[in-house]
Protein chains: 2
Amino acid sequence: MKKLMSFKAGDLIYMSGQNGPAYKVVSGTIRLSQTNRNHQALFANLAIAGDLLGAEVLLRKPYTFEVYALTDCEISVWQEPTMLWAEALAEELIKSSLRQTEVVSLRCGTAMERVLRFINLVKPSNQNLAHGNLTLPPLKETAEITDLTIETVSRCINSLRKQGILIPVQGARGNLRNQFTFSDQSLISLAA
Amino acid sequence: MKKLMSFKAGDLIYMSGQNGPAYKVVSGTIRLSQTNRNHQALFANLAIAGDLLGAEVLLRKPYTFEVYALTDCEISVWQEPTMLWAEALAEELIKSSLRQTEVVSLRCGTAMERVLRFINLVKPSNQNLAHGNLTLPPLKETAEITDLTIETVSRCINSLRKQGILIPVQGARGNLRNQFTFSDQSLISLAA
DNA sequence: CGGCTTCTTGAAAAGTATCAAATATAGTGG
DNA sequence: CCACTATATTTGATACTTTTCAAGAAGCCG
């Protein structure tokens with residue numbers, strides 16, 4: 001059994017330039033950023049369950065990106081097979097290039113289309129059920145990833161709420177921030 | 001000496017599902033698309049000089065993307081080293097994940113910022129000179145890549161022309177389409 | 001020289017960003 | 001458990017950018 005490491009939304013997982021192992025994402029959503037000359041963290045990519053993180057260390061390079069948990073998440077150290085490890089690595093990397101195609105599509109079309117695509121990417125996909133729980137990252141993150149403003153993202157999500165597509169989760173003292181249940185398949189069809 | 005294959009702007013290089021070798025881009029700009037269920041070619045990624053194309057065939061998979069020449073370009077069959085080929089492949093794939101970060105940045109900011117970033121990506125970079133030739137793809141392509149409309153891209157490019165940053169190349173019967181010289185470093189500074 | 005495609009330009013409409021302020025949620029210490 | 005505070009989200013009004021639609025011009029090709 002591989003040891004799981006858990007992170008809370010917003011936690012730093014590792015920094016650019018450091019050394020460490022490569023990881024596999026078990027659950028949750030993870031953000032990869034690159035810090036530019038002005039010390040701004042530019043969004044570069046996402047990783048979700050099944051994706052490999054920090055593969056560059058296997059080629060004796062330090063980590064390329066800053067990596068943060070967007071939502072609560074679990075990762076495990078990637079145990080590369082002793083035989084043919086590079087082949088296994090290449091396979092993972094090709095998979096990750098497909099992920100990045102999805103990320104590019106998060107910048108296409110209207111605000112609502114982008115937000116819907118993002119929700120579908122973040123939403124736990126193991127269940128093709130008509131019902132499920134959904135934890136979104138802070139609006140600031142969603143806004144950077146979709147290249148929208150916080151206000152626009154907020155308006156989109158509230159519109160989905162008013163349509164009954166997203167239902168806020170109740171806590172002891174009001175709604176829980178960015179936690180929803182989605183009531184039907186409208187999400188999937190809307191984002192197509 | 002490796003054999004070069006030349007393609008003209010707009011040529012199909014290979015199609016998704018086919019089999020063939022992996023290639024290395026020698027010059028020019030190449031577009032990778034994915035055809036969706038509605039038979040639309042969705043822009044997925046770019047490849048420029050130094051990038052690997054179709055690496056998935058080395059893992060005995062058919063080509064994943066449709067690949068077109070955006071500008072005239074040259075590619076050569078990638079001769080993977082017999083020893084440690086998978087390691088070399090992994091190295092190339094990591095490089096390509098950095099390219100995709102640039103592609104994401106082509107969807108950020110104002111129309112003019114996006115077009116400038118695209119021009120800088122397409123512009124032959126081997127020369128850090130203050131002067132050079134530039135072949136842009138048809139507006140339709142530039143528009144899809146930057147997620148703008150053809151009209152908006154046209155307005156940006158013409159604005160750069162009026163500012164004297166891009167200068168059309170003269171042919172026998174008027175200007176050549178999408179061919180320019182750029183007169184100074186303004187491009188680089190503007191896109192930063 | 002046509003005929004066709006691509007590019008250009010203008011005016012109006014739509015969509016988002018911006019700015020400012022109010023409200024909601026989460027965290028902390030009594 | 002409650003009050004208090006800091007942070008995040010929501011909402012409205014306005015300004016700005018980009019899209020849309022419709023011609024017209026320019027470049028390309030046989």
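Labels below follow one simple rule: chain letters A, B, ... track the order of the sequence lines, proteins then strands, and each chain is numbered from 1.
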Please name all residues satisfying side chain to side chain contact (heavy atoms under 4.5 Å, CB included) with A/Ala111, sequence neighbours left out, ordered by chain then number.
A/Leu148, A/Thr152, A/Cys156

Touch class at under 4.0 angstrom, heavy-atom based, for B/Arg114 against every strand present
nothing

Can you sort out the partners of A/Arg99 under salt bridge (Lys or Arg N to Asp or Glu O under 4.0 Å), two or more places apart, ordered by chain and number?
A/Asp51, A/Glu102

Figure out the CD/C1' separation between A/Gln179 and D/dA8, and round it to whole Å.
15 Å

N/O (side chain, A/Asn158) to phosphate O (OP1/OP2, D/dT11) under 4.0 Å
yes

Any carboxylate oxygen within less than 4.0 angstrom of a Lys/Arg side-chain nitrogen, looking at B/Arg31 and B/Glu66?
no

My understanding is that only residues two or more places apart in sequence, or in another chain, count here; which of them pass side chain to side chain contact (heavy atoms under 4.5 Å, CB included) with A/Gln179?
A/Thr135, A/Val169, A/Leu176

Partners passing ring pair (Phe, Tyr, Trp, His ring centres under 6.0 Å) against B/Tyr63 (at least two apart in sequence or in another chain):
B/Tyr14

Return each pair, listed once, that meets salt bridge (Lys or Arg N to Asp or Glu O under 4.0 Å) where at least one residue sits in residues 146-164 of chain A; pairs must be two or more places apart or across chains.
none

With clusters defined by side-chain heavy atoms of hydrophobic residues (ILVMFWY) lying less than 4.5 Å apart, directly or transitively, does B/Ile157 cluster with B/Leu70?
yes

What pairs of nitrogen or oxygen atoms, one from the protein and one from nucleotides 25-29 of chain D, lie under 3.5 Å apart?
unit_1, atom_1, unit_2, atom_2, d
D/dG27, OP1, B/Asn175, N, 3.2
D/dG27, OP1, B/Asn175, ND2, 3.3
D/dC28, OP1, B/Arg177, N, 3.0
D/dC29, N4, B/Arg173, NH1, 3.3

Listed pairs, N/O of protein and of nucleotides 17-24 of chain D, under 3.5 Å:
unit_1, atom_1, unit_2, atom_2, d
D/dT18, OP1, B/Ala111, N, 2.5
D/dT19, OP2, B/Thr149, N, 3.4
D/dT19, OP2, B/Thr149, OG1, 3.2
D/dT19, OP2, B/Thr152, OG1, 2.4
D/dT20, O4, B/Arg155, NH2, 2.9
D/dC21, N4, B/Glu151, OE2, 3.3

When the rotation axes relating C1' atoms of four end pairs to the next four are compared across the helix from C/dC1-D/dG30 to C/dG30-D/dC1, five pairs an end, they differ to 10° by 60°

List for me each residue that meets side chain to side chain contact (heavy atoms under 4.5 Å, CB included) alongside A/Lys8, sequence neighbours excluded, and say none if there are none.
A/Asp11, A/Asp72

Judged by atom type as modelled, is there a donor-acceptor pair below 3.5 Å linking the side chain of B/Thr71 to the main-chain atoms of B/Thr29?
yes

Reading DNA chain C in the 5' to 3' direction, which nucleotide is the first one with an atom under 4.0 Å from a heavy atom of chain B, and which is the last?
C/dC1 to C/dA11

Mind checking whether A/Met15 and B/Ile94 sit in one hydrophobic cluster, side chains of I, L, V, M, F, W, Y counted as touching below 4.5 Å?
no

With A/Glu56 via salt bridge (Lys or Arg N to Asp or Glu O under 4.0 Å) - residues at least two apart:
none

Should B/Leu106 and B/Leu42 be regarded as members of a common hydrophobic cluster, given that ILVMFWY residues are connected when their side-chain heavy atoms come within less than 4.5 Å of each other, either directly or indirectly?
no

Can you pull the salt bridge (Lys or Arg N to Asp or Glu O under 4.0 Å) pairs that have at least one residue in residues 12-24 of chain A, sequence neighbours excluded?
A/Lys24-A/Glu92

